Amino acid sequence: MRTTSPTQDFVRGIWKENPVLVQMLGLCPALAVTNSVANALAMSGATFFVMSCSSVLISTCKRFIPHEVRISSYILVIATFVTLADMLLQAYAPVQHKELGAFIALIVVNCMILGRQETFSSKNNPFRSLLDAVGTGIGFTIALVMMGGFREILGTGSFLGVSLFGPNFEPWVIMVLPAGGFLTLGFILLAMGVIEQRKKAKDEQVTEVLS
Amino acid sequence: MSQESNNQDRIDVDIQVENSDSDNAQDGSAPQEVSTFRLVATLAIAGALAGLLIVLVNLHTKPIIDKYKAEQLRLAVYEVLPGVENYDTYYLVNDELSVSLPSGAKESEFKRVYVGRDANGEVSGVAISRGESGFQDVIMVIFGHDPVTGKLSGMKILDSKETPGLGDKIFKDMDFVDQFFAGPETPMVGVKIGAGKGQPNEIDMITGATISSKAVIQIINNALAEWKPILDKGIPQAPADAVSAEETP
């Protein structure tokens with residue numbers, strides 16, 4: 001069906017098909033918990049764990065899952081891993097767990113994870129599913145940390161909790177509010193669009209010259 | 001952005017292909033009508049396994065989580081009651097304070113306060129914890145109360161899911177938290193910053209987190225309204241062996 005190399009499986013999710021910036025999936029956590037870099041990192045880590053485990057398990061068990069109930073089965077698997085992540089975080093990293101609060105439970109409804117199961121893990125072997133999940137997870141982390149960085153620097157004048165501008169900086173409170181999330185995402189997508197367009201124009205120029 | 005539309009097309013195609021026939025290498029059996037029983041059985045088995053896994057991990061993590069919470073609470077009591085040597089947990093049994101519980105009763109069913117004593121064994125403060133609705137979810141507050149002067153000796157948020165960056169300032173913004181250490185008169189009133197009249201019971205609320213700030217003030221006022229009549233009846237002396245049960249940090 002699709003002929004891609006394992007390397008492509010891995011690299012694809014990082015930039016070319018970045019889940020947040022290109023596929024526009026998983027926007028809920030991308031908007032909600034990116035008001036600081038630390039939160040963005042913790043969220044990415046939890047999502048990464050859930051996605052890798054679900055991908056491997058689902059691609060291992062895909063034979064036993066009837067087509068009609070596949071979505072329910074995927075959700076069940078994802079929800080189980082989210083609950084495990086929630087309990088393990090609470091036991092071994094209580095500080096981060098307190099920071100993320102309700103957003104950990106919301107990983108269940110992250111359509112990025114469900115999307116990977118439906119389009120990839122249910123059709124490929126566990127190893128390639130893991131590569132795909134890890135690549136997508138890295139892409140998700142990049143997007144979240146990028147948003148978290150912008151919002152934390154502008155909204156509180158610090159990066160990872162370290163103050164950057166000294167006491168005279170007047171923080172843009174709006175950047176840590178939900179509205180700031182939408183603004184940041186909008187500007188990042190705008191920048192992505194401009195880069196993409198320039199690249200396209202350049203490619204066309206090259207083809208013209210060659211022909 | 002052509003990448004995105006390509007991707008979308010591909011998903012649609014995949015679904016159609018799978019519904020009619022499957023050229024999936026992995027799907028060995030020809031897709032045919034699957035019996036309802038098999039669908040139900042698959043989900044039931046998966047659900048049972050998921051449940052089992054969660055229970056197993058919970059059995060493992062619950063003691064760690066409980067231990068951490070108890071430790072947090074112990075530290076919080078010492079934090080909100082400065083100068084306390086040790087403390088005892090008093091339960092509210094039939095409207096009376098008691099160190100021991102009626103036999104056979106579960107500890108979690110009783111309301112409680114933590115009575116701190118100084119080096120001479122005199123009561124120097126009472127820590128009360130209480131939860132009420134904040135902006136997102138229940139906020140759990142613990143605060144120290146001096147039964148003699150009726151003032152606060154400290155306040156700490158035990159649990160909150162308030163908006164990160166705004167509502168969580170109720171425990172991150174030290175300008176707000178420190179107001180409770182100064183020993184304000186109770187009941188307290190929340191005022192906008194700069195709008196106060198200099199009364200000793202005024203608390204400057206956090207800009208952008210009015211609901212969270214009000215909730216904290218409300219929790220303390222309600223808790224005092226509930227416990228003050230009980231505490232005013234006097235705190236029974238702790239049995240000698242119970243005093244040494246708690247260690248100082």
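None of these values were measured; they are calculated from a predicted model. Letters go in sequence order (proteins before strands), and every chain restarts at 1.
Interface remark: Y92(A) contributes side-chain atoms only to the contact with chain B (heavy atom separation under 4.5 Å). Interface remark: V33(A) contributes no atoms to any contact with chain B (heavy atom separation under 4.5 Å).
Ranked by heavy-atom pairs under 4.5 Å with chain B, the first of C61(A), A91(A), G115(A) is A91(A). With respect to chain A, the highest number of heavy-atom pairs below 4.5 Å among D137(B), I64(B), I54(B) belongs to I54(B).
Note: S73(A) OG to L39(B) CG = 9.0 Å, rounded to the nearest 0.5 Å. H60(B) contributes atom NE2, which lies 11.5 Å from atom CG of L84(A) (distance to the nearest 0.5 angstrom). One distance of note links OG1 of T42(B) with CZ of R70(A); it measures 13.5 Å at 0.5 Å rounding. Of the inter-residue distances, the one linking L76(A) atom CG with L43(B) atom CG reads 7.0 Å to the nearest 0.5 angstrom.
By the neighbour-count criterion of 12 heavy atoms within 6.0 Å, atom CZ of F171(B) is densely surrounded, having more than that number from other residues, nucleotides or ligands. For CD of Q197(A), the number of neighbouring non-hydrogen atoms (other residues, nucleotides, ligands) closer than 6.0 Å is 12 at most. Other residues, nucleotides and ligands contribute over 12 non-hydrogen atoms within 6.0 Å of the CZ atom of F165(A). More than 12 non-hydrogen atoms from other residues, nucleotides or ligands lie less than 6.0 angstrom from OH of Y74(A). By the 6.0 Å contact criterion, CZ on F182(A) is open, its count of non-hydrogen atoms from other residues, nucleotides or ligands being 12 or less.
Here R38(B) pairs with nothing under the salt bridge (charged side-chain N to carboxylate O under 4.0 Å, His left out) rule; sequence neighbours left out. Residues passing the salt bridge (charged side-chain N to carboxylate O under 4.0 Å, His left out) test with E202(B), sequence neighbours excluded: none.
Residue pairs satisfying the side-chain hydrogen bond (donor to acceptor under 3.5 Å, both in side chains) criterion with at least one member in residues 152-163 of chain A, sequence neighbours excluded, are listed as follows: E152(A)-S158(A), T156(A)-S158(A).
Residue-level contacts of residues 66-73 of chain B with chain A, in order of numbering, are Y68(B), K69(B); threshold 4.5 Å between heavy atoms.
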